[in-house]
Amino acid sequence: MGLRIPRFHPLSDNTPLFETQRALRGHNFYPGAPVLRSLAPRDPRGKPEASPCIVYHSPWGHLVVTEINPENLNGYGWTCRSSDPGGAEWGDLGYMGEFERRRGRPWEFWERDLFSDDANAAAAVARILQRYTQPVRRDTRQNPEHEHTPAPAAPTTRPASTPIARVPRASRGVMSRR
């Protein structure tokens, strides 16, 4: 095993970017240096329509981070709990390392959204909130053509013996906390 050189925030010579869940997550929690530089705090704070961002998600909710302070890694952005999307709000997120190392049951932790191509924070927030909107149901009683449309078939279920998903094994030397 080689010597690990800590990564540092690109705007600070003394703020290391520690990662405790890297092996489980499969990718870096913090984005690369160009993105971190674009998230440096600005005064005055930019509007969401003009702010670059990174998006994190977990079973608990979503984070849209628009600022990360290079001196103390405190973040600012939008939070949305999965259980209460109507209570989403903008504000200080605190030390980003707390999100990086937070972990509940095995495999429940914060991950950076590697596939989002949102142009700005407003687009990311709109995309996330769209997940929580209820689909619009058409009222078929007003259109007589649809009165005799058969109901959709019931969803098929798998036999109990068929696994739906498998939990990845922990790498050697890594113990899971319960």
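Computed over heavy atoms, backbone and side chain alike; hydrogens, waters and symmetry mates excluded.
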Task: For Leu36 against Pro31, the heavy-atom pair lying closest together - done: CD1-O, 3.6 Å
- [ ] With rounding to the nearest 0.5 Å, note down the distance linking CD in Glu67 to OG in Ser38.
- [x] 11.0 Å
- [ ] For residues Leu39 and Pro52, report the shortest heavy-atom separation together with the two atoms involved.
- [x] CD2-O, 3.5 Å
Open item on the list: If we ignore hydrogens and angles and just use 3.5 Å, is the side chain of Asn72 paired with the main-chain N or O of Asn74 as donor and acceptor?
Closed with: yes
Task: Asp113 and Arg127 ion-paired at < 4.0 Å - done: yes
Open item on the list: Check for me, please, whether Trp110 and Tyr95 land in the same ILVMFWY cluster - side-chain distances under 4.5 Å, paths through other members count.
Closed with: yes
Task: Exercise: identify the closest heavy-atom pair between Pro85 and Leu129 - done: O-CD2, 4.2 Å
TODO: Please answer: with hydrophobic residues joined when any side-chain heavy atoms are less than 4.5 Å apart, are Val35 and Leu114 in the same cluster?
DONE: no
Task: Flag, side chain of Asn120 to backbone of Ala122, donor-acceptor distance under 3.5 Å - done: yes
Task: Heavy-atom donor-acceptor pair, Glu100 side chain to Gln21 backbone, under 3.5 Å - done: yes
- [ ] Identify the heavy atoms of Arg42 and Thr66 that sit nearest to each other, and give their distance.
- [x] NH2-O, 3.5 Å
Open item on the list: Give me the atom names and distance for the closest heavy-atom approach of Val55 to Ser116.
Closed with: CG2-OG, 4.3 Å
Open item on the list: Counting neighbours of CZ on Arg102 that are heavy atoms of other residues, nucleotides or ligands and sit closer than 6.0 Å, is the number greater than 12?
Closed with: yes
- [ ] Under the side-chain contact (heavy atoms from CB on, under 4.5 Å) rule, what do Cys53 and Trp78 come out as? Steps first, then yes or no, please.
- [x] CA-CA 10 Å; Cys53 67; Trp78 182 80; over 6 Å; no
Open item on the list: Could you measure the distance from the OG1 atom of Thr79 to the CG atom of Asp84? Nearest 0.5 Å is fine.
Closed with: 10.0 Å
Task: Passing option when Phe99 is tested against Phe109, Tyr56, Phe29, Trp60 for side chain to side chain contact (heavy atoms under 4.5 Å, CB included) - done: Phe29
TODO: Quick one: pull up CG in Leu17 and CG in Leu73 and give me the separation to the nearest 0.5 Å.
DONE: 6.0 Å
Open item on the list: Quick one, Tyr76 with Ile68, criterion side-chain contact (heavy atoms from CB on, under 4.5 Å). Give me CA distance, side-chain angles, the key distance, then yes/no.
Closed with: CA-CA 7 Å; Tyr76 177 84; Ile68 297 179; over 6 Å; no
TODO: For Asn69 and Glu71, indicate whether the former's side chain and the latter's backbone hold a donor-acceptor pair under 3.5 Å.
DONE: yes
Open item on the list: Nearest 0.5 Å, please: how far is OG in Ser82 from NE2 in His62?
Closed with: 4.5 Å
TODO: Please report the C-alpha distance between Arg101 and Glu19 in whole Å, then the side-chain angles of each, then the deciding distance to 0.1 Å, and finally whether the salt bridge (Lys or Arg N to Asp or Glu O under 4.0 Å) criterion is met.
DONE: CA-CA 7 Å; Arg101 68 175 156 241; Glu19 297 198 24; over 6 Å; no
Open item on the list: Regarding Arg22 and Asn28, do their side chains bring together a donor and an acceptor under 3.5 Å, going by distance alone?
Closed with: yes
